[in-house]
J.: 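Starting off with a structure, shown below.
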Amino acid sequence: MKYIQKQQTPQYFEKWKTENPGANWNNFSGTNEHSNLRTDLIAEQNQMCCYCEVKIENNGTSSHIEHLKDRKNFPKEMFNYDNLLASCQFTDSCGHKKGTGYFYGFVSPLDPNCQNRFTYTRDGRIIPVNENDTNAEKTIKVLGLNCRRLKDRRRTIIKTLENENQEYKQKSLTNFLDWYGGFYTVIEYMN
């Protein structure tokens with residue numbers, strides 16, 4: 001999980017909220033502001049899913065706006081920009097898998113220390129750095145970060161990079177989106 005540094009709330013989003021008091025998420029979905037917000041979130045995250053780091057496009061089909069704290073249990077956070085992320089559309093992991101599974105202690109990609117809480121194994125699993133970090137373990141489970149699809153992708157990257165020289169590995173950090181379809185912290189782990 002790569003740390004995401006939130007930017008300032010876009011003015012068009014603040015304007016929409018001011019002009020639509022009492023609106024809910026359904027009122028916002030489908031608007032130009034919703035589309036623009038997804039675009040800005042994807043850019044803010046370097047075109048990667050906030051949780052699994054798979055590359056996401058700004059085409060409306062490979063990602064959705066994710067509420068870190070879900071709308072059902074945290075309705076006051078619905079339009080809080082600092083609660084909004086871009087997540088992939090896969091149902092076996094990430095935002096769709098999490099649903100209303102947010103919990104106190106959830107490891108957030110908005111935490112500057114989140115990258116230090118996880119590491120990888122040769123078989124592609126993501127695990128807590130500290131085996132006693134139950135919140136990291138629970139976060140992995142809630143998000144489905146060890147689903148077969150993600151483990152297979154990470155294992156392939158790890159096996160490829162094991163056989164490469166340091167110069168290639170360093171270039172991989174720059175070209176991770178094109179060469180590996182995301183997975184920055186997996187590549188960083190191999191450097």
J.: If you link I, L, V, M, F, W and Y whenever their side-chain heavy atoms are under 4.5 Å apart, who else ends up in the same group as W16?
T.: Y12, F13, W25, F28, L37, L41, I65, M78, F79, Y81, L84
J.: If hydrophobic clusters are built by linking Ile, Leu, Val, Met, Phe, Trp and Tyr wherever their side-chain heavy atoms come under 4.5 Å apart, do Y3 and L143 end up in the same one?
T.: no
J.: Identify, with sequence neighbours excluded, every residue that meets side-chain hydrogen bond (donor to acceptor under 3.5 Å, both in side chains) alongside N46.
T.: none
J.: Does the side chain of S63 reach to within under 4.5 Å of the side chain of C49, using non-hydrogen atoms?
T.: no
J.: If the threshold is 4.0 Å, N to carboxylate O, is there a salt bridge linking K55 and E57?
T.: yes
J.: Strictly by ring-ring contact (aromatic ring centres under 6.0 Å, His included), give each pair with a member in residues 123-153 just once, sequence neighbours left out.
T.: none
J.: Could you tell me whether a side-chain N or O of Q7 sits under 3.5 Å from a main-chain N or O of E44, the two making a donor and an acceptor?
T.: no
J.: Return yes when atom NZ of K159 has more than 12 non-hydrogen atoms of other residues, nucleotides or ligands closer than 6.0 Å, and no otherwise.
T.: no
J.: Mind checking salt bridge (charged side-chain N to carboxylate O under 4.0 Å, His left out) for K151 and listing every partner two or more places apart, or none if nothing turns up?
T.: none
J.: Drop me the distance from Y180's OH to R153's CZ, to the nearest 0.5 angstrom.
T.: 12.0 Å
J.: Could you walk me through whether D70 and T100 satisfy the side-chain hydrogen bond (donor to acceptor under 3.5 Å, both in side chains) test, starting with their C-alpha distance in whole Å, then the side-chain angles of each, then the deciding distance to 0.1 Å, before giving a yes or no?
T.: CA-CA 6 Å; D70 61 271; T100 59; 5.3 Å; no
J.: Going by heavy atoms in the side chains, are F90 and H96 under 4.5 Å from each other?
T.: no
J.: Listed by chain and number, what are the side-chain hydrogen bond (donor to acceptor under 3.5 Å, both in side chains) partners of T121, not counting sequence neighbours?
T.: D123
J.: If Ile, Leu, Val, Met, Phe, Trp and Tyr residues are connected whenever their side-chain heavy atoms lie under 4.5 Å apart, and connections chain through other members, are L173 and Y168 in the same group?
T.: yes
J.: Counting only N and O atoms by type, is there a donor-acceptor contact under 3.5 Å from the side chain of E77 to the main-chain atoms of N80?
T.: no
J.: Given the rule in the side-chain contact (heavy atoms from CB on, under 4.5 Å) test, do S108 and C114 qualify, once you have shown the distances and angles that lead to the verdict?
T.: CA-CA 7 Å; S108 165; C114 69; over 6 Å; no
J.: Are T139 and M1 side-chain neighbours, meaning at least one heavy-atom pair lies under 4.5 Å?
T.: yes
J.: I'd like to know if the side chain of N191 and the backbone of I187 have a donor-acceptor N/O pair within less than 3.5 Å.
T.: yes
J.: Quick one: are Y51 and K97 in side-chain contact, heavy atoms under 4.5 Å?
T.: no
J.: When you measure from the side chain of R155 to the backbone of G124, do you find a donor-acceptor pair of N or O atoms at a distance under 3.5 Å?
T.: no
J.: Would you say N113 and V107 make side-chain contact, with heavy atoms under 4.5 Å?
T.: no
J.: Got a sec, which residues hit side chain to side chain contact (heavy atoms under 4.5 Å, CB included) with N26, two or more places apart in sequence or on another chain?
T.: N24
J.: As an exercise, state the distance from OG of S172 to CD of E188, rounded to the nearest 0.5 Å.
T.: 12.5 Å
J.: Please determine whether salt bridge (Lys or Arg N to Asp or Glu O under 4.0 Å) holds for the pair K171 and E167, giving the CA-CA distance in whole Å, both sets of side-chain angles, and the decisive distance to 0.1 Å.
T.: CA-CA 6 Å; K171 285 182 181 178; E167 181 182 351; 3.5 Å; yes
J.: Could I get the full list of ring pair (Phe, Tyr, Trp, His ring centres under 6.0 Å) partners for F176, not counting sequence neighbours?
T.: Y184
J.: From L68 CG over to N83 CG, what is the distance, rounded to the nearest 0.5 angstrom?
T.: 5.5 Å
J.: Apart from I127 itself, what residues make up its hydrophobic cluster, given side-chain heavy atom links below 4.5 Å?
T.: none
J.: Could you tell me which non-hydrogen atom of G144 sits nearest to which non-hydrogen atom of L150, and how far apart they are?
T.: O-CD1, 4.0 Å
J.: Is any side-chain heavy atom of P10 closer than 4.5 Å to a side-chain heavy atom of N36?
T.: no
J.: Salt bridge check, R122 against E162: does any charged N sit closer than 4.0 Å to a carboxylate O?
T.: yes
J.: Side chains of Q89 and H64: any donor to acceptor distance under 3.5 Å?
T.: yes
J.: E33 and K15: salt bridge (Lys or Arg N to Asp or Glu O under 4.0 Å), yes or no, with the steps?
T.: CA-CA 10 Å; E33 291 83 0; K15 182 180 179 201; over 6 Å; no
J.: I would like to know whether L110 and K6 meet side-chain contact (heavy atoms from CB on, under 4.5 Å); could you show each step before the answer?
T.: CA-CA 7 Å; L110 302 178; K6 294 296 285 180; 3.7 Å; yes
J.: Can you name the residues that form a side chain to side chain contact (heavy atoms under 4.5 Å, CB included) with Q8, not counting sequence neighbours?
T.: none
J.: Output all residues satisfying ring pair (Phe, Tyr, Trp, His ring centres under 6.0 Å) with Y102, sequence neighbours left out; order by chain, then residue number.
T.: F74, F106
J.: Side chains of M190 and I157, heavy atoms from C-beta outward: is any pair under 4.5 Å?
T.: no
J.: Are the side chain of E66 and the backbone of C50 linked by a donor-acceptor contact shorter than 3.5 Å?
T.: no
J.: Could you grab the distance from atom CZ of R38 to atom CD1 of I56, nearest 0.5 Å is fine?
T.: 9.5 Å
J.: E53 side chain to T185 main-chain N or O, any donor-acceptor pair under 3.5 Å?
T.: yes
J.: Within this structure, what is the CG-OG1 distance for the pair N130 and T119, rounded to the nearest 0.5 Å?
T.: 12.0 Å
J.: Does I140 reach the side chain of N146, with side-chain heavy atoms less than 4.5 Å apart?
T.: yes
J.: In terms of side-chain heavy atoms, does Q47 have a donor or acceptor partner in N58 at a distance below 3.5 Å?
T.: no
J.: Is it true that a side-chain atom of T39 and a backbone atom of S35 form a donor plus acceptor pair closer than 3.5 Å?
T.: yes
J.: For the backbone of K17 and the side chain of E19, can you confirm whether one donor and one acceptor N or O come within less than 3.5 Å of each other?
T.: no
J.: Using every non-hydrogen atom in the two residues, find where G101 and V142 come nearest and quote the distance to one decimal.
T.: O-CG1, 3.7 Å
J.: Flag yes if more than 12 heavy atoms outside K2 fall under 6.0 Å of its NZ atom; otherwise flag no.
T.: yes
J.: If you measure from CD1 on I126 to SG on C52, what distance do you get to the nearest 0.5 Å?
T.: 9.5 Å
J.: Among all residues two or more places apart in sequence or in another chain, which pass the salt bridge (charged side-chain N to carboxylate O under 4.0 Å, His left out) test with E131?
T.: none
J.: Show every ring-ring contact (aromatic ring centres under 6.0 Å, His included) that has at least one partner inside residues 110-165, sequence neighbours left out.
T.: Y120-Y189
